[in-house]
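For reference, the structure discussed in these notes is given below.
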Amino acid sequence: MNKGLIGKKVGMTQIFTEDGKVIPVTVVEAGPCVVTQKKTTENDGYEAVQVGFGDVNVHKLKKPLKGHFAKADVAPKKVLREFRLADCSGMNVGDIIKADIFAEGDRVDVKGTSKGHGTAGAIKRWNFSRLRESHGTGPNARHQGSLGACSSPSRVFKGRKMAGHYGHEAVTVQNLTVAKIDSENNIIAIKGAVPGPKGGIVVIADSVKA
């Protein structure tokens, strides 16, 4: 990884190319981020930089975090993420990272937390089909049906798709294209959809498959 940035998903819209084609894009408020810590091989066993995004009231922080930001001499940040860059030598604590580290046409991976749906049935969670709504099925047409054999193996195998918690998990969408950048307002328009709801935190980094 050569560069990375924390951002906030604003929403989706569309832009037009010069020849009139429509491109669906996700608008992300990317940065400004500040380097809050630099990890070295001597002290930590690996090289990385810790980056903060989003202002937060200092009174909402616990004492360890207050000391962490005081040591770095930076304003408290709401979100902290760590990036293992290929070369961290050019970055120091207090450096500001903005959206202009990316350019139009760059390939990026975007990681976020998907929308949470709470407890969902098998039809919504796994796209199962409905049961027959005729004689013999009973009153439950949206149940998932049989879970397995009877006497052999006399159990339900692990991994069986069933009703349960749906969404609110870490999702990475790979190899997306940066469609447009507004450096003044730290806005990045990424072609396609990225995980999470409006206002959700996302991490943008170089694509591993580019």
Side-chain angles (χ1 to χ4, degrees), residues 1-38 47-56 74-75 77-117 124-127 166-210:
M1 184 191 303
N2 294 318
K3 48 194 174 183
L5 198 61
I6 310 171
K8 182 174 68 175
K9 181 176 177 180
V10 178
M12 290 199 70
T13 184
Q14 58 188 20
I15 60 177
F16 294 86
T17 61
E18 295 180 354
D19 54 357
K21 291 183 179 179
V22 179
I23 301 177
V25 296
T26 302
V27 180
V28 178
E29 179 188 340
C33 299
V34 61
V35 177
T36 57
Q37 186 181 12
K38 185 175 180 180
E47 290 190 356
V49 290
Q50 186 189 77
V51 176
F53 170 75
D55 295 328
V56 64
V74 297
K77 297 298 177 182
K78 188 174 184 178
V79 182
L80 295 175
R81 293 291 185 274
E82 194 173 284
F83 295 94
R84 291 197 183 192
L85 304 178
D87 183 15
C88 301
S89 59
M91 304 191 72
N92 297 300
V93 174
D95 288 352
I96 303 298
I97 308 173
K98 296 184 178 181
D100 54 11
I101 63 171
F102 293 102
E104 293 184 15
D106 284 354
R107 294 283 186 168
V108 294
D109 293 341
V110 182
K111 182 177 181 179
T113 303
S114 62
K115 290 183 178 180
H117 298 265
K124 181 176 181 180
R125 190 183 184 198
W126 300 111
N127 198 29
Y166 174 39
H168 194 69
E169 57 187 6
V171 178
T172 301
V173 181
Q174 295 182 320
N175 214 18
L176 297 175
T177 304
V178 176
K180 196 171 183 180
I181 289 184
D182 182 354
S183 301
E184 294 182 2
N185 298 311
N186 285 303
I187 296 295
I188 298 180
I190 300 174
K191 184 178 179 181
V194 304
K198 293 179 182 178
I201 298 297
V202 296
V203 174
I204 307 172
D206 286 333
S207 177
V208 297
K209 294 183 177 180

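H168 pairs by the ring-ring contact (aromatic ring centres under 6.0 Å, His included) definition with nothing, not counting sequence neighbours. Remark: K180 pairs with no residue by the salt bridge (charged side-chain N to carboxylate O under 4.0 Å, His left out) rule, at least two apart or across chains. For N2, there are no side chain to side chain donor-acceptor pair (under 3.5 Å) partners two or more places apart in sequence or in a different chain. Legend: residues meeting side chain to side chain donor-acceptor pair (under 3.5 Å) with D55, ordered by chain and number and at least two apart, are K77. When the side-chain contact (heavy atoms from CB on, under 4.5 Å) test is applied to N185, the partners found at least two apart in sequence or on another chain are D182, I187. Applying the side-chain contact (heavy atoms from CB on, under 4.5 Å) criterion to R81, with sequence neighbours excluded, gives I6, V79, F83, I201, V203. A search for side-chain contact (heavy atoms from CB on, under 4.5 Å) contacts involving Q37 returns K39, Q50, H68, not counting sequence neighbours. For R107, the side-chain contact (heavy atoms from CB on, under 4.5 Å) partners are N175, T177, S207, A210, not counting sequence neighbours.
Heavy-atom minimum distance, L80 versus G52: CD2-CA, 3.7 Å. Of all heavy-atom pairs spanning P32 and F53, the tightest one is O-CD1, 3.9 Å. Taking all atoms of both residues into account, the shortest heavy-atom contact from G199 to K8 is O-CG, 3.6 Å. Here the shortest heavy-atom pairing between G4 and L85 reads N-CD2, 4.3 Å. Summarising the geometry of V171 relative to S114, their closest heavy-atom pair is CG2-CB, 3.8 Å, with the distance given to 0.1 Å.
Summarising the local packing, NZ of K3 is surrounded by more than 12 heavy atoms from other residues, nucleotides or ligands at distances under 6.0 Å.
For the salt bridge (Lys or Arg N to Asp or Glu O under 4.0 Å) condition, no pair includes a residue of residues 197-210, sequence neighbours left out.
The CD1 atom of I188 lies 12.0 Å from the CG atom of L176; values are rounded to the nearest 0.5 Å. Distance check, rounded to the nearest 0.5 Å: NE2 of H117 to OH of Y166 gives 4.5 Å.
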message: Pair K9, V110 - check side-chain contact (heavy atoms from CB on, under 4.5 Å), show working.
response: CA-CA 11 Å; K9 181 176 177 180; V110 182; over 6 Å; no
Could you go through residues 20-30 and list every donor-acceptor pair under 3.5 Å that involves a side-chain atom there, pairing it with any protein atom two or more places apart or in another chain?
unit_1: T26; atom_1: OG1; unit_2: G192; atom_2: O; d: 2.6

Side-chain atoms of residues 88-105: list all donor-acceptor pairs with protein atoms under 3.5 Å, sequence neighbours left out, distances to 0.1 Å.
unit_1: S89; atom_1: OG; unit_2: D87; atom_2: OD1; d: 2.6
unit_1: S89; atom_1: OG; unit_2: D87; atom_2: OD2; d: 3.3
unit_1: D95; atom_1: OD2; unit_2: N92; atom_2: N; d: 2.8

